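Letters A, B, ... mirror the listed sequences (proteins, then strands); counts begin at 1. As the structure is a computational prediction, the values presented were derived from the model and not from experiment.
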Amino acid sequence: MSTARIAFSIARRDVSLELSGREASITVLPFVAALMMLAGLGLGGQGPVLSAAAPGLVWLVVLVSAIPLARGVAAAERADGCWDLLRALASPTALLAGKLAALWLWLLIAWAVASMLAVALLGAAWRPEAAVAGVLGTFGVAVTTVVLGVLLPHGARRPGLIAVLLVPGAVPVLIAGTHLAAPATSGLPWALLLASYDAISLITAYAVFPALLEE
Amino acid sequence: MNPAPQTASSRDSVAPAAATLSLRAVTRSFAGRLVIGPIDLDLEPGAVCLVEGANGAGKTTLLRLAAHLLAPSSGRCRNAGLAVYVRPGAGARGEQSVGQALDWAYRTAARRGMPPDDALDLVGLTVPTASVVAALSAGQHTRLAMAIALVTGPALACVDEPTAHLDGPGCAGVVQAVAALAAAGSAVLVATPVPDTLDCPADAYLRLRHGLLEVPP
């Protein structure tokens with residue numbers, strides 16, 4: 001079986017697991033909704049302030065959502081005794097690609113829900129560039145999360161460590177994603193920044209992933 | 001100086017085959033403490049090697065080294081083809097159904113192993129395939145782990161304490177599964193702390209003591 005087919009098989013399995021257990025949906029989507037609604041109250045409820053803050057808030061929510069989702073990369077697999085089988089059946093590249101595809105999908109959903117709530121509740125303006133930011137930005141966050149999710153499966157303070165490492169590591173996504181979605185900004189430089197971040201993250205992940213899998 | 005490598009060949013073999021597993025002067029340390037080795041071991045296709053050893057003797061470390069899940073601290077570890085490490089209660093996510101877990105492993109291993117229904121019959125797991133893995137008993141989960149090993153059709157199966165949680169028929173199912181793996185050409189490395197619980201015909205019996213392999217008297 002080719003690397004691509006095994007990666008697809010892993011991603012499809014993760015989607016199927018989510019449909020069965022709804023762990024990510026139950027964990028992340030209510031959190032996204034609550035945060036977007038509470039932010040409106042926390043920021044004072046004034047329309048101009050809310051609409052100006054909304055793009056950054058969306059990306060903050062996406063970054064924080066990645067922290068619980070990181071558990072599905074390796075920690076949940078280890079807890080159920082499946083990590084060894086995954087490592088046996090899949091090459092490091094296939095495992096990286098499969099886990100990345102599934103995590104990218106969850107982050108895209110989290111981003112889409114947060115963006116819709118930002119428009120509906122906070123009065124944010126919708127720009128087509130925001131969709132570009134959503135696709136590129138969530139991909140970069142997904143790559144970083146997969147690497148950290150594999151890196152920290154044994155840590156007793158795993159969620160805290162992932163938060164400490166992921167949020168600063170994904171600052172370029174936060175900044176570029178926010179600017180791409182904000183009105184009256186030139187989109188191209190920020191889109192290039194996101195694309196560069198994605199490329200560097202992916203190349204780094206591809207290079208270090210086999211070593212991260214070694215015990 | 002390392003002792004001569006322990007070699008396990010299938011009882012039916014008439015000519016030396018290329019080793020499925022080859023360990024040469026393999027050691028593994030944890031936090032600077034040597035846990036196992038140096039180990040020299042060859043396993044040929046279809047050979048069954050039973051390794052006994054007390055708790056903490058290094059059996060799991062040996063099996064995980066053989067399955068390439070653990071990198072050796074020194075020495076060389078080679079295996080030809082897919083190597084799976086099997087332990088009771090592993091191999092399937094709690095949210096999956098028995099059928100999903102087996103089908104996924106079977107398909108991802110390119111359907112080279114035993115079909116899932118046949119594997120379930122062989123290990124004597126009689127629950128409906130729609131049963132959720134999390135709802136299985138410990139013994140049923142152990143049988144499922146063996147069935148997953150069967151459907152992957154590995155070149156090397158490293159089976160760690162497979163009779164844990166099992167009743168008499170369950171132990172018999174493990175013996176049948178090991179025999180089926182060997183008959184299909186898999187080299188099988190089985191570790192157990194209590195050999196009496198596993199009446200498993202083997203081509204080689206080894207004992208692991210203080211991290212070193214020896215032939216028991």
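Residues Ala90(B) and Gly81(A) approach most closely at CB-O, 3.2 Å, considering heavy atoms. Annotation for Leu89(A) and Ala109(B): closest pair CD2-CB, 3.9 Å, computed over non-hydrogen atoms.
Neither the backbone nor the side chain of Glu18(A) comes within contact range of chain B; no heavy atoms are under 4.5 Å apart. Neither the backbone nor the side chain of His141(B) comes within contact range of chain A, judged by heavy atoms closer than 4.5 Å. Of the atoms belonging to Ala83(B), it is backbone heavy atoms, and not side-chain ones, that fall under 4.5 Å from chain A. When heavy atoms are compared at a cutoff of 4.5 Å, Leu70(B) approaches chain A by way of both its backbone and its side chain. Looking at Arg87(B), only its side chain comes within 4.5 Å of chain A, counting heavy atoms on both sides. Heavy atoms closer than 4.5 Å to chain A are found in the side chain of Arg28(B), but not in its backbone. Looking at Thr108(B), both its backbone and its side chain come within 4.5 Å of chain A, counting heavy atoms on both sides. Contact of Ala79(A) with chain B is not made at all, since no heavy-atom distance falls under 4.5 Å.
Between atom CZ of residue Arg93(B) and atom CG of residue Leu85(A) there is a gap of 12.0 Å, rounded to the nearest 0.5 Å. The CH2 atom of Trp104(B) sits 5.5 Å away from atom CD1 of Ile10(A), with the distance rounded to the nearest 0.5 Å.
Put simply, of Glu214(A), Arg13(A), Arg5(A), the one with the most heavy-atom pairs under 4.5 Å next to chain B is Arg13(A). Considering only heavy-atom pairs separated by less than 4.5 Å from chain A, the leading option among Ala110(B), Gly91(B), Gly94(B) is Gly91(B). Your options are Leu82(B), Val84(B), Ile148(B), and the one with the most heavy-atom pairs under 4.5 Å with chain A is Leu82(B). Here Ser9(A) is the residue among Ser9(A), Ala90(A), Ser16(A) with the most heavy-atom pairs under 4.5 Å with chain B.
Within a 6.0 Å radius of OH in Tyr206(A), other residues, nucleotides and ligands contribute 12 heavy atoms or fewer. For Phe31(A), the CZ atom sits in a packed shell: over 12 heavy atoms of surrounding residues, nucleotides or ligands are nearer than 6.0 Å.
Put simply, the side chain of Arg87(A) gets close to the backbone of Leu69(B): a donor and an acceptor are under 3.5 Å apart.
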For a side-chain contact (heavy atoms from CB on, under 4.5 Å) check, start with the C-alpha distance between Leu17(A) and Gln100(B), then their side-chain angles and the critical distance, and finish with the verdict. CA-CA 10 Å; Leu17(A) 282 169; Gln100(B) 284 175 331; over 6 Å; no
